[in-house]
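Nothing fancy with the numbering, it's 1 onward along the sequence. As the structure is a computational prediction, the values presented were derived from the model and not from experiment. Heavy atoms only: backbone and side chains are in, while hydrogens, waters and symmetry mates are out.
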Amino acid sequence: MNGLTITSERLLVPSGSHGFRITAKIHPFWNLYLNGLGLALAEANECKRAFRAHSYRLSSNEKDFFDRTRSWRSYKEATLKEDILADNQAVVVQTDIASFYEHIYHHRLENVVKDLAADSSTIALQIDRILNKLAAGRSFGLPVGGQCARVLAEVMMTPIDQSLSDAGLIWHRYVDDFTLICRSQQKAYEALSVLSHALADYGLSLNRSKTTFLSAKHYRDFTENQIGIGLDSTSVLREIDLHFDPYSDNAISDYERLKQSLDQVDISFLLDLELEKSQPDAFVVAQIGRALKFQDPKIAEQLCATLLDAKNLDSFRASWSKIMRGVYAVRSQQDFNTIFSKLDALLDKIPEAAPHLLVPEANLLHFLRAIRFVRTETRGSFVRRTYDSTSSSAVKRGCIDCWRHWRDRANFTRVRNQWANLGLDEQRMVWLAAGSFGDEGIKARDQLRASLAQSWKLGFETEQSLSFSAIYESWAKNAN
């Protein structure tokens, strides 16, 4: 592990209406490998987890990695079911861990992982080495964004959760959010002290600015409003699981079932309600984005016109990724071809109407994916400027992907001629794009093939095994 190169890139991602965080884009092989290690750990750790830990519980079926019923909403609902809340003398503490992922210490995590693995296992050592490389030599911090990071965070929290249960506290946790339910203010301070010391044992601390004490009634009222209990206009939409797997054995029936479940919801009315608020509900807007592909084309057009209106873009900034995914889903389905031109016109206005929303790399990647279906003069200019000005390999890759879908021969030829100066991610996308350019693409692949085994190697391949470049070349051939 010490001699291997594990590449990754940092991307800026919005978090809520005003916050931002850094996420990690990891080399595809290492992301897969790290997730494989994470799955092994999750399976070993699940039986040790307290029932009051709600985040990223393993699914009991083979269809999903995580249990989709265990969500942030179900976590909040579980807190409301505690009998102690019936006593109006009760006090509830809401708090979270300061910079949770960033402050996880690799050595402490390694020790916790060792407790889950067999004596002869190297999983703990491998994870420690991989994390060290992804953190540029620092001995702390998890790469935000991957499934393994979520699993490792839960593994780290399991002994802390156990400490809270051993102390007799009534607690609930979702990732780094804690809810402590206590019989009095004194007990609340005592519980907070127990939590603080348990976290400190692992190098973690509470977020002072987000620690609040609420009366039982205040907490009930606030939480019910927060998750939409009693709000008839949005309650149905909040409760529908809009996840759809097109590769499932029952994809058609699943799709029809979701469409029918949305028939009782007036999505346009709910979107108008959110627009009237000074701060729209990010979850409701996200659900509307997820619901776009289940709508009649005319309704989808009206919703997209509102979501992408220049006057509304900033209000909906917290739900940008879900909105763009929804727009992409609509734009990619031929059932909506009657509204394609309207969607394209709306998308073309965004760079000028809300350029600040395209500054975070993750936002920009979602936008590039949504506009890659057809080239317009506006898009051609925007993508060229973006490619030439960005330092992000992921964004450059997104630009090349647009040129691939547009069959933009001029820009393909330009980046192909810069092959030696391209990053590895960009090279792989150019190789994939070559499949869209006929004889010119075939010749480009023939000329470049000899260099791939060396430049793309992972470092541990043997003569008897397939190289990463050979696997990628096979995949790219089938992808086209």
Side-chain angles (χ1 to χ4, degrees), residues 23-24 26 28-79 81 96-97 100-101 104 106 108-119 121-128 130-131 134 142-166 171-179 198-199 202 204 227 239-251 254 283 290:
T23 189
I26 307 173
F29 172 82
W30 290 111
N31 192 41
L32 181 64
Y33 187 76
L34 193 57
N35 283 340
L37 297 180
L39 177 58
L41 290 176
E43 291 172 339
N45 189 53
E46 186 64 26
C47 63
K48 299 178 179 293
R49 300 186 66 189
F51 74 92
R52 288 192 169 106
H54 300 270
S55 42
Y56 304 114
R57 305 302 303 243
L58 278 192
S59 175
S60 58
N61 62 59
E62 298 180 357
K63 182 178 178 181
D64 295 314
F65 187 83
F66 295 120
D67 184 349
R68 301 186 66 83
T69 66
R70 303 297 293 273
S71 61
W72 181 85
R73 179 186 175 86
S74 68
Y75 147 67
K76 301 302 289 186
E77 288 174 339
T79 65
K81 294 176 182 177
D96 67 14
I97 303 172
F100 179 38
Y101 277 27
I104 289 180
H106 294 170
R108 287 191 177 92
L109 177 61
E110 183 182 5
N111 289 334
V112 176
V113 171
K114 283 180 179 177
D115 293 340
L116 295 174
D119 291 340
S121 173
T122 63
I123 286 182
L125 183 61
Q126 290 187 60
I127 287 177
D128 180 71
I130 293 173
L131 292 180
L134 292 175
L142 294 181
V144 176
Q147 302 289 33
C148 187
R150 298 183 174 106
V151 168
L152 292 176
E154 296 302 321
V155 167
M156 186 74 171
M157 291 305 299
T158 297
I160 296 173
D161 294 342
Q162 182 179 333
S163 295
L164 303 183
S165 295
D166 289 348
W171 61 275
H172 289 270
R173 179 179 64 80
Y174 191 86
V175 189
D176 58 347
D177 289 333
F178 277 95
T179 300
L199 292 172
Y202 289 85
L204 301 170
I227 63 178
E239 293 170 5
I240 296 176
D241 182 357
L242 290 172
H243 174 73
F244 171 66
D245 180 8
Y247 304 105
S248 74
D249 295 335
N250 305 306
D254 289 348
F283 181 76
R290 295 185 184 102

A.B. asks: Side chain to side chain contact (heavy atoms under 4.5 Å, CB included) for Y56 and V175? Distances and angles first, verdict last.
C.D. replies: CA-CA 8 Å; Y56 304 114; V175 189; 3.7 Å; yes

A.B. asks: Provide the closest heavy-atom pair for P159 versus Y202 in the form atom of the first, atom of the second, distance.
C.D. replies: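 Heavy atoms only, the tightest pair is CB-OH, 3.4 Å.
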
A.B. asks: With rounding to the nearest 0.5 angstrom, report the CG to CD1 distance, L131 to I104.
C.D. replies: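 Answer for the CG-CD1 pair, L131 versus I104, is 9.5 Å.
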
A.B. asks: How close do F178 and Y75 get, counting heavy atoms only, and between which atoms?
C.D. replies: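 Residues F178 and Y75, closest heavy atoms: C-OH, 3.7 Å.
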
A.B. asks: Does the side chain to side chain contact (heavy atoms under 4.5 Å, CB included) test come out yes or no for V112 and T158, once each step is laid out?
C.D. replies: CA-CA 9 Å; V112 176; T158 297; 6.0 Å; no

A.B. asks: To the nearest 0.5 Å, what is the distance between CD on E110 and CD1 on I127?
C.D. replies: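 Here the rounded value is 9.5 Å.
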
A.B. asks: For a quick test of your reading: what N or O donor-acceptor pairs under 3.5 Å do the side chains of residues 29-39 make, sequence neighbours left out?
C.D. replies:
| unit_1 | atom_1 | unit_2 | atom_2 | d |
| --- | --- | --- | --- | --- |
| Y33 | OH | Q126 | OE1 | 2.4 |
| N35 | OD1 | C148 | N | 3.0 |
| N35 | ND2 | N31 | O | 3.3 |

A.B. asks: Nearest 0.5 Å, what's the CG-CG distance between L41 and L116?
C.D. replies: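 Result: 6.0 Å between the selected atoms.
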
A.B. asks: Under the side-chain contact (heavy atoms from CB on, under 4.5 Å) rule, collect the residues that match up with S165, sequence neighbours excluded.
C.D. replies: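 S165 satisfies side-chain contact (heavy atoms from CB on, under 4.5 Å) with A50, W171 once adjacent residues are dropped.
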
A.B. asks: State the CZ-CZ distance between R150 and F65, to the nearest 0.5 angstrom.
C.D. replies: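 That separation rounds to 10.0 Å.
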
A.B. asks: Could you check whether R73 pairs with E77 (Lys NZ or Arg NE/NH1/NH2 to Asp/Glu carboxylate O, under 4.0 Å)?
C.D. replies: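 Yes, charged N to carboxylate O under 4.0 Å.
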
A.B. asks: Ignoring hydrogens, what is the shortest heavy-atom contact between Y174 and S71? Give both atom names and the distance.
C.D. replies: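 Taking Y174 first and S71 second, the nearest heavy atoms are CE1-C, 3.4 Å.
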
A.B. asks: Taking only residues two or more places apart in sequence, or in another chain, which ones meet E46 in a salt bridge (Lys or Arg N to Asp or Glu O under 4.0 Å)?
C.D. replies: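 Residues passing salt bridge (Lys or Arg N to Asp or Glu O under 4.0 Å) with E46: R49, R57.
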
A.B. asks: Quick one, F100 with D177, criterion side chain to side chain contact (heavy atoms under 4.5 Å, CB included). Give me CA distance, side-chain angles, the key distance, then yes/no.
C.D. replies: CA-CA 10 Å; F100 179 38; D177 289 333; over 6 Å; no

A.B. asks: So do H172 and L164 actually touch side chain to side chain, heavy atoms under 4.5 Å?
C.D. replies: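 Not touching, per the 4.5 Å side-chain cut-off.
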
A.B. asks: Hey, could you give me the CG/CZ distance between L58 and F66, rounded to the nearest 0.5 Å?
C.D. replies: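 One finds 7.0 Å between CG of L58 and CZ of F66.
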
A.B. asks: Can you list the steps and then say if R173 with S55 is a side chain to side chain contact (heavy atoms under 4.5 Å, CB included)?
C.D. replies: CA-CA 7 Å; R173 179 179 64 80; S55 42; 3.6 Å; yes

A.B. asks: In Å and rounded to the nearest 0.5 Å, what is the CG to CD1 distance from D128 to I123?
C.D. replies: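 D128 atom CG to I123 atom CD1 measures 13.5 Å (nearest 0.5 Å).
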
A.B. asks: Which atom pair, heavy atoms only, marks the closest approach of A53 to R70?
C.D. replies: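 Taking A53 first and R70 second, the nearest heavy atoms are O-NH2, 3.5 Å.
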
A.B. asks: Whether K48 and E154 form a salt bridge (side-chain N of Lys/Arg under 4.0 Å from carboxylate O of Asp/Glu) is what I want to check.
C.D. replies: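 Between K48 and E154 there is no salt bridge, as every charged N stays at least 4.0 Å from the carboxylate O atoms.
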
